[in-house]
Amino acid sequence: MSEVQIGKRKEKCENCTKQCNKKQSDDGVNSHQEGEEVNGQVSDASQVLLSACLSCDGCMSEEENLKISQQNLEEVERVLALNKKCDVTKHKVLVASVCPQALPFFAIKFGLDVPEAASKLCSFLKSLGVRYVFDTTLAAGFSILESQKEFIQRYRRRHHDSHALPMFTSSCPGWIRYSEHVLGSLVTPHICTARSPQQIMGCLVKDYFANQQKLSAEKVYHVVVAPCFDKKLEAVREEFYNSLLESRDVDCVLTSGEIYYLMEQKKVSVEELDSVQLDHVMGEAGDGALVRHEGHGSEGFLEHVFKHAAKELFGLDVHEITYKTLRNRDFQEVTLERDGETLLRFAAVYGFRNIQTLVHRMRRGRVPYQLVEVLSCPGGCLSGRGQAESETGGRTDKNLVQQMEEAYSSLPVSLPEFNPTLHTLYQEWLQGQESPQASTLLHTQYKSRTHSQPPHMQW
């Protein structure tokens, strides 16, 4: 991804309504495609579309913009350069955590399978000066288990808590920002409080791993490699900053495209890189084999929670899940039925056009689902704009996404319930699954941050 493309993604509008209208016109937004309402009518081109609103950072504060501006390659290179110049006692230990949805991108670009591509990526990052390289699957396991537990709790109190259901997943920062800043109290009480895999990984690195290495949190500089630009915004949320230690759980997020761009800049060829195995937060005690969770290319929250709830609530074992496509392949539902009765109905809603439909239904009280997995990128996390955008920019490279989906699905599936490392960490790190420590480090709260709704908003 070129500097021009990266810069274009950071353009901002100074006035939410007026400038968004102008931006749509300047960028040639296809209002016929993006502005379709639930009833199929085409919206007026002068209205602000959700997709335009949410791809704009015009509502960010100056402080937020400053923090986001530091989420780049130059900042990482600055830390690496300081390590070479300053006294050893002032060195930062660089740790990189790679999202599993980012690895298929490198597999396709390198022409290798996912495990081999991961080892080449690990080699490249360590050649830069990164000390440890992890993948975030372990953290995703924590997030899935905590989401499963929370769903069961919400389901059981549904009759006396109007905010218990539906439960919305919380791993997508684009969806979270939209919920907090635009939808507000209509949605925020329904959002699962489990932290995303990225932020749980931040706690694992800055708390557990740093202690294991006898390092203070501020001595560790933690970089996450993710498929999505919005993950940068998640990393700078105030609740993920420890003011006493002056340390963030995640110091910098770089997209897959930015890392690949750096490799091109440095003229690094895959052939000249050694194969270096990924590290493990528990050292040699962990199993280093790459695995994935269930799902189509995201972390599979819907599938894991669905199967867990079927067993926990109704004593039913679900081995295969059948998706029913509704509006399109990014709006699907799954149901659990017994003797003609529907026991559970979940939905997967990806992309802002489908989110608009979901919002319409919720405002009218017509959401029949107990859980909705919401992701802002059509196609899910593999289609994140930080890796799936075409070379010409602006559009998703569908061929690349298809190849990444095939590469991702080639990894073996692992269920977090049966991961011994997770159970060990629950005891050694968190002092038990129901402990205050687990509640603090694995959960957060989402709240309404809405101001007056901008005029002409297209719902």
Side-chain angles (χ1 to χ4, degrees), residues 6-13 16 53-79 92 94-99 102 136 139 143 170-182 188 191 193-207 210 217-259 375-377 381 384-386 440-451:
I6 293 170
K8 187 175 180 181
R9 296 294 300 166
K10 297 176 181 177
E11 287 179 357
K12 79 170 204 161
C13 307
C16 182
C53 172
L54 298 176
S55 64
C56 164
D57 59 357
C59 61
M60 287 187 195
S61 66
E62 289 185 10
E63 183 181 7
E64 281 181 313
N65 272 305
L66 176 61
K67 292 173 182 175
I68 291 295
S69 70
Q70 296 169 345
Q71 300 274 312
N72 55 40
L73 288 168
E74 290 75 16
E75 185 66 15
V76 175
E77 290 180 320
R78 182 188 68 81
V79 174
K92 295 271 191 180
L94 272 81
V95 175
S97 297
V98 185
C99 298
T136 65
S143 190
S170 56
S171 63
C172 174
W175 159 243
I176 293 300
R177 183 170 183 85
Y178 171 40
S179 298
E180 290 187 322
H181 288 264
V182 179
T188 50
I191 297 175
T193 65
R195 292 194 187 197
S196 72
Q198 171 177 295
Q199 295 309 134
I200 291 178
M201 194 69 200
C203 292
L204 263 173
V205 168
K206 289 294 185 88
D207 189 61
E218 68 270 19
K219 286 288 187 181
V220 177
Y221 188 82
H222 185 203
V223 181
V224 167
V225 181
C228 176
F229 282 100
D230 287 344
K231 285 294 182 181
K232 297 173 184 279
L233 190 59
E234 180 181 32
V236 303
R237 288 177 66 95
E238 59 184 21
E239 61 265 37
F240 302 140
Y241 177 74
N242 188 319
S243 57
L244 292 177
L245 298 177
E246 296 185 343
S247 173
R248 291 197 172 281
D249 296 337
V250 176
D251 295 289
C252 184
V253 175
L254 298 177
T255 66
S256 320
E258 287 174 305
I259 294 293
L375 299 173
S376 62
C377 290
C381 295
R385 286 297 183 92
T440 299
L441 295 180
L442 302 182
H443 291 262
T444 187
Q445 293 293 326
Y446 300 103
K447 57 188 177 181
S448 173
R449 304 170 192 268
T450 57
H451 304 292

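In this structure, the side chains of Thr255 and Lys232 come closer than 4.5 Å at one or more pairs of heavy atoms. Annotation: side chain of Asp251 is in contact with side chain of Lys206 (closest heavy-atom distance under 4.5 Å). Contact check for Gln198 versus Thr136: no side-chain heavy atoms found under the 4.5 Å cut-off. Looking at heavy atoms from C-beta onward, Arg177 lies out of side-chain contact with Asp230 at the 4.5 angstrom threshold. Contact of the Tyr446 side chain with the Ile176 side chain is registered, since non-hydrogen atoms from C-beta on lie closer than 4.5 Å. At a threshold of 4.5 Å between non-hydrogen side-chain atoms, the residues Ser171 and Pro197 count as touching.
Using modelled atom types, one finds no donor on one side chain facing an acceptor on the other under 3.5 Å when comparing Gln199 with Ser196.
Between the CG atom of Asn72 and the CD atom of Glu258 there is a distance of 7.5 Å, given to the nearest 0.5 Å. To the nearest 0.5 Å, the span separating CD on Glu77 from CD on Glu74 amounts to 6.5 Å. Here Ile259 contributes atom CD1 and Leu73 contributes atom CG; the two are 6.0 Å apart, rounded to the nearest 0.5 Å. With rounding to the nearest 0.5 angstrom, the CD atom of Glu234 is 15.5 Å from the CZ atom of Phe229.
Closest of all the heavy-atom pairs between Ile191 and Ser179 is CD1-CB, 3.7 Å. Here the closest heavy-atom approach between residue Gln71 and residue Val253 is recorded as OE1-N, 2.7 Å. The two residues Val220 and Ala210 come nearest to each other via the heavy atoms CG2-CB, 4.2 Å. Minimum heavy-atom separation, Ala217 to Ser247: O-OG, 3.6 Å. Contact record, Ser256 with Ala102: OG-CB, 3.3 Å, taken as the closest heavy-atom pair.
With respect to Asp249, the side-chain contact (heavy atoms from CB on, under 4.5 Å) criterion is satisfied by exactly one of Arg237, Arg195, Met201: Arg195.
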- Task: Tell me, with the steps shown, if Val95 and His222 meet side chain to side chain contact (heavy atoms under 4.5 Å, CB included).
- Result: CA-CA 5 Å; Val95 175; His222 185 203; 4.1 Å; yes
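With respect to Glu239 and Lys447, no salt bridge is recorded, no charged nitrogen being found less than 4.0 Å from a carboxylate O.
With Ser170 contributing its side chain and Ala194 its backbone, the two residues share a donor-acceptor pair below 3.5 Å.
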